[in-house]
Amino acid sequence: LINGVTGSLMMYYVKSLFIETKFYAPLANVFALASLIALFLSVIILKLFGKRNTMIIGLVITALAGVFQGIFSGRPADFQFILIMCGVRGFGGGLAMSGIYGVAADSVEYGEWKTGKNYSGVGLAGITFGTKVATGLSVALAGVLINFSGYNGALRVQASDVLTKVNLSINYLPVAI
């Protein structure tokens, strides 16, 4: 849900904050690259802290980066700072996601141990279905939030209250979720 809302709102955030859409690609690329780096490093971190704690560490990193990005998002925006925060958010998100399917598999395995019946197909299908529903809801939620913010794509510069609402939606809402 968090990734869907953040990803869907990022272009509106960039256009509201920097006026130009050319800043979107570097921010999205740094976010994705940091997520991949976290996934590769998560092998070590998972061994040290376990799945649950690694996921919590990732969520805390993501939340703190979102709060800092939200606090310092204003005109004139510091692109380098926002770029770094996107990287930190991506890294935290990568850590959080690194253990999620392992935890799901553990749940399925526990169910088999407890009942003696293998429901791995049903369990993993349920996880896939839940992921798809969450993605759809997050995109819909992003549309509602943009509508609520009063964002007008025809305007080159958005009003400051629109920037505030978009900032709240992309930086603080995921922290609350």
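Just so you know, residue 1 is the first one in the sequence shown, and it goes up from there.
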Between Met55 and Val88, is there a shared hydrophobic cluster once you connect ILVMFWY residues whose side-chain heavy atoms come closer than 4.5 Å?
no
Return a table of donor-acceptor pairs under 3.5 angstrom between the side chains of residues 91-100 and protein atoms on other chains or two or more places apart.
residue: Ser98; atom: OG; partner: Leu95; partner atom: O; Å: 2.6

With Phe68 via ring-ring contact (aromatic ring centres under 6.0 Å, His included) - residues at least two apart
none
How long is the span from the CG atom in Leu163 to the OG atom in Ser149, to the nearest 0.5 Å?
10.0 Å
Honestly curious: do Val43 and Tyr101 fall in one hydrophobic cluster under the side-chain, below-4.5 Å linking rule?
no
Can you pull out every side-chain hydrogen bond (donor to acceptor under 3.5 Å, both in side chains) where at least one residue sits in residues 117-127? Sequence neighbours excluded, please.
Asn118-Ser120
What residues, two or more places apart in sequence or in another chain, satisfy side chain to side chain donor-acceptor pair (under 3.5 Å) together with Asn53?
none
When rounded to the nearest 0.5 angstrom, what distance separates CG in Asp78 from CE in Met85?
10.5 Å
Test side chain to side chain contact (heavy atoms under 4.5 Å, CB included) applied to Val139 - qualifying residues, sequence neighbours left out
Ser8
Which residues satisfy the ring-ring contact (aromatic ring centres under 6.0 Å, His included) test with Phe81, sequence neighbours excluded?
Phe72
For Tyr110, the ring-ring contact (aromatic ring centres under 6.0 Å, His included) test, sequence neighbours excluded, returns Trp113
Set of residues satisfying side chain to side chain donor-acceptor pair (under 3.5 Å) with respect to Asp106, sequence neighbours excluded
Lys51
same_hphob_cluster(Phe79, Val30) at 4.5 Å side-chain heavy-atom cutoff
yes
Any side-chain heavy-atom pair from Leu9 and Val166 closer than 4.5 angstrom?
no
Can you confirm whether Cys86 sits close enough to Met10 that some side-chain heavy atom of one is under 4.5 Å from a side-chain heavy atom of the other?
yes
My understanding is that only residues two or more places apart in sequence, or in another chain, count here; which of them pass side chain to side chain contact (heavy atoms under 4.5 Å, CB included) with Thr21?
Met11, Lys15
Do you know which two heavy atoms are closest between Thr54 and Phe49, and how far apart they sit?
OG1-CB, 3.9 Å
Give me the one residue out of Thr62, Leu64, Ile57 that meets side-chain contact (heavy atoms from CB on, under 4.5 Å) with Val60.
Leu64
Is it true that atom CD of Glu112 has more than 12 heavy atoms of other residues, nucleotides or ligands lying nearer than 6.0 Å?
yes
Check for me, please, whether Phe31 and Ile82 land in the same ILVMFWY cluster - side-chain distances under 4.5 Å, paths through other members count.
no
What's the verdict on side-chain contact (heavy atoms from CB on, under 4.5 Å) for Leu141 and Leu137, showing C-alpha distance, side-chain angles and the deciding distance?
CA-CA 6 Å; Leu141 178 61; Leu137 290 174; over 6 Å; no
With sequence neighbours left out, which residue pairs that include part of residues 23-48 fulfil the side-chain hydrogen bond (donor to acceptor under 3.5 Å, both in side chains) condition?
none
Side chain to side chain contact (heavy atoms under 4.5 Å, CB included) partners of Phe148, counting only residues at least two apart
Lys165
Measuring from atom CG of Leu41 to atom CG of Leu46, what distance do you get when rounded to the nearest 0.5 angstrom?
10.5 Å
Under a 4.5 Å cut-off applied to non-hydrogen side-chain atoms, are Leu83 and Phe23 in contact?
no
In terms of hydrophobic clusters joined by side-chain contacts under 4.5 Å, are Ile71 and Tyr13 together?
yes
side-chain contact (heavy atoms from CB on, under 4.5 Å), that's the test. Do Gln158 and Asn152 meet it? Break it down for me.
CA-CA 7 Å; Gln158 301 296 320; Asn152 183 348; 4.3 Å; yes
Run the side chain to side chain contact (heavy atoms under 4.5 Å, CB included) test against Val144 and tell me which residues pass, sequence neighbours left out.
none
